[in-house]
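Following: one structure in structure tokens, then a few remarks.
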Amino acid sequence: MSEQERIEELRRLLEKYAIEYYVDDNPSVSDFEYDRLLEELQSLEAKHPELYDSNSPTQRIIGKVLNGFEKVIHAQRMLSLGDVFNKEELKSFVDKIWKDFPDAAFICEYKFDGLAMALMYEEGRFVRAVTRGDGEVGEDVTENVRTIHSIPMQIDEHGPIEVRGEVYMPKASFEALNALQESLHLPLFANPRNAAAGTIRNLDTGIARKRRLDMYLYYFQNGERYGVHSQKEALEAMAKMHFRVNPSWRECHNFEEIWSFIEETGSKRNELPFEIDGVVIKLNQFNYQQQLGTTAKAPKYAIAYKFPAQEVETKLLDITLTVGRTGKITPNAVLEPVRVAGTLVSAATLHNEDRIKQYDLKINDRVIIRKAGDIIPEVVKALPEKRDEHVHDFIWPKDCPVCGSKLVRLPDEADTYCVNPDCPARILESIIHFCSRDAMDIDGMGSKKVAWLHGHGFINSIEDIYRLHEHRDQLLSHKGWSDKGLDKLLAAIEQSKKQPLSRLLFGLGIRQVGAKAAGILAKDFGTMEALMAADESRLASINLIGEVSARSIRSFFDQSENRKLIESLQALGVNMEEPKAEVEVTDSLFAGKTVVLTGTLTQMGRSQAKKVLEDLGANVSGSVSKKTDLVIAGEKAGSKLAKANELNIPVWDEERFLREVANRE
Ligand SMILES: [Zn+2]
């Protein structure tokens with residue numbers, strides 16, 4: 001056997017073993033044997049770079065750094081499902097379908113809590129993975145998806161295939177990831193879905209490889225081409241092709257069957273090794289699906305039943321107060337840690353003083369907390385019947401817990417404020433905000449570091465950030481600081497001076513000016529000087545700014561301490577201008593795309609359409625091939641349209657094309 005033949009054989013074998021291990025859960029070789037063969041393949045490939053193949057099993061384990069994610073148009077829109085939240089809504093949904101189609105069946109499946117993904121295969125090879133995006137246009141994340149071992153790189157079917165499913169982070173991977181984050185003093189991920197999404201959109205594929213994502217397939221986009229006529233057949237066909245399909249689906253013929261599937265799933269939910277947030281109920285027969293069609297957003301033949309927010313009982317250990325950068329006092333519940341909706345919860349918000357009174361909360365009460373999805377956990381009620389002698393009242397303070405000045409609560413407001421502008425808590429929070437990711441984005445200046453620097457007297461105001469370098473020797477005398485680490489931090493601080501005006505404005509923490517408003521203001525005025533000179537009516541005349549914000553902005557700049565802060569920042573070299581926006585060609589839907597025009601375009605004419613496309617950065621080609629990204633088909637389109645359908649290439653009619661062009665312009 002030549003080395004080339006051995007490479008091909010090893011690739012085939014390793015692919016087969018990976019599917020046995022990751023999809024079928026039935027390995028025929030030991031991990032040791034697998035690793036040995038993989039090493040053999042790696043060393044042979046190193047000897048033969050000319051035999052490179054992006055789908056080789058070795059490519060799953062190599063970290064690459066990408067430049068970005070290319071935009072891809074979906075051949076068929078990726079719809080999201082409508083939701084129902086109770087039995088009655090669900091019953092009326094299915095009853096309506098049964099009225100029109102008495103012999104309709106429904107396939108019930110888990111609703112995985114991850115992110116939707118389309119996989120494309122050509123000539124038996126995995127070629128591309130695309131996120132849902134806005135449903136019309138997604139992002140090419142092929143390299144990150146390749147690191148998921150259960151996704152086959154080769155399949156036996158040779159025509160074009162598109163299958164869709166959910167990429168998710170298993171609970172075990174999620175817990176390991178957060179344990180690692182914690183040990184590195186990095187922020188924790190809120191839940192497995194956020195972690196999966198962040199991983200898929202990371203430009204370093206080494207990250208995806210380490211974090212161990214997985215995927216279930218549940219949709220066969222062009223299944224009819226392969227004789228698939230129902231959702232049941234689609235799931236069976238995909239499983240037969242060795243795609244990972246969760247076997248827990250069930251075919252249901254009446255509402256009792258559907259409801260008992262939901263109840264069983266709900267009771268099993270916490271024991272599953274992955275997160276689900278509901279059950280998908282889908283009309284089985286494709287011909288009925290097509291008759292029902294879709295709305296603008298969602299199919300009419302399927303719906304998601306969402307599980308109710310999870311509620312669990314725990315103990316309220318304490319109530320602590322935090323002072324925000326505006327001086328607002330927020331009470332927080334300190335809880336006995338408890339697992340709810342996939343997350344370990346030990347704190348919950350209590351919103352304000354009234355909430356504590358309304359719920360009659362006492363320290364050491366048993367309480368019910370609720371958590372749904374991404375939402376911050378909250379205390380729903382106390383269980384006064386479970387009180388014992390350790391329970392005692394919480395006394396809402398009259399003075400700021402940090403600076404001791406009198407707290408203020410305006411008559412019509414629920415919130416209480418510390419109004420002392422020199423309150424150390426407010427100053428600390430405003431410095432943290434200034435350094436944060438959406439503001440000046442100073443790497444290394446997270447909340448813990450800023451709190452330390454503030455606590456040790458190195459940074460007492462925003463300006464002090466840019467004077468930190470003067471304290472080099474003192475800093476190095478403290479434990480935990482090294483030359484290298486300090487250099488890195490100081491370089492990041494220096495670098496932040498170049499941030500655009502929009503980030504600076506947001507970082508200053510002007511009330512009513514969020515990141516979006518800061519961007520609008522920076523673009524409109526261009527410089528800090530021009531913005532500071534603007535009067536209230538000029539500010540209010542800006543689209544999306546409004547009177548309340550205009551007043552708040554004006555009053556911020558009228559305060560002498562704020563003007564002094566801006567002067568000092570300028571003197572320290574902080575940029576006060578917004579760079580002129582450059583046209584971002586890469587953001588255009590058409591840039592770099594190969595587009596084919598066919599048939600008669602009645603409104604624009606073919607040569608004009610060609611020019612419009614070229615102006616938007618597209619290459620207009622005369623023939624349809626695998627390289628074609630999009631076909632625009634007018635009336636009487638013939639063989640090119642047929643070829644596009646054959647190759648599963650997105651096709652737009654003229655109306656859709658004109659609409660998209662109008663959107664771009
Ligand atoms: Zn205070």
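Residue indices begin at 1 and follow the sequence shown. Remember, it's 1-based here, ligands and their atoms both numbered in the order they're listed.
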>> Short of 2.8 Å from the Zn ion (ligand 1), name each protein N/O/S atom, waters not counted.
In response: Cys400 SG, Cys403 SG, Cys418 SG, Cys423 SG
> Does His478 have any ring pair (Phe, Tyr, Trp, His ring centres under 6.0 Å) partners at least two apart in sequence or in another chain, and if so, which?
Replying inline: Trp452, His456, Phe458
>> Let's go through Ile427 and Asn460 carefully: what are the C-alpha distance in whole Å and the side-chain angles of both, what is the deciding distance for side chain to side chain contact (heavy atoms under 4.5 Å, CB included) to 0.1 Å, and is it a yes or a no?
In response: CA-CA 7 Å; Ile427 291 173; Asn460 297 309; 5.8 Å; no
> Taking side chain as C-beta onward, heavy atoms only, is Leu321 less than 4.5 Å from Pro397?
Replying inline: yes
>> For His433, give me all partners under ring pair (Phe, Tyr, Trp, His ring centres under 6.0 Å), at least two apart in sequence or on another chain.
In response: Phe506
> Can Asp365 and Asp360 be said to form a side chain to side chain contact (heavy atoms under 4.5 Å, CB included), step by step?
Replying inline: CA-CA 10 Å; Asp365 260 343; Asp360 185 29; over 6 Å; no
> With Glu311, which residues qualify under side-chain contact (heavy atoms from CB on, under 4.5 Å), at least two apart?
Replying inline: Ile368, Arg370, Val380
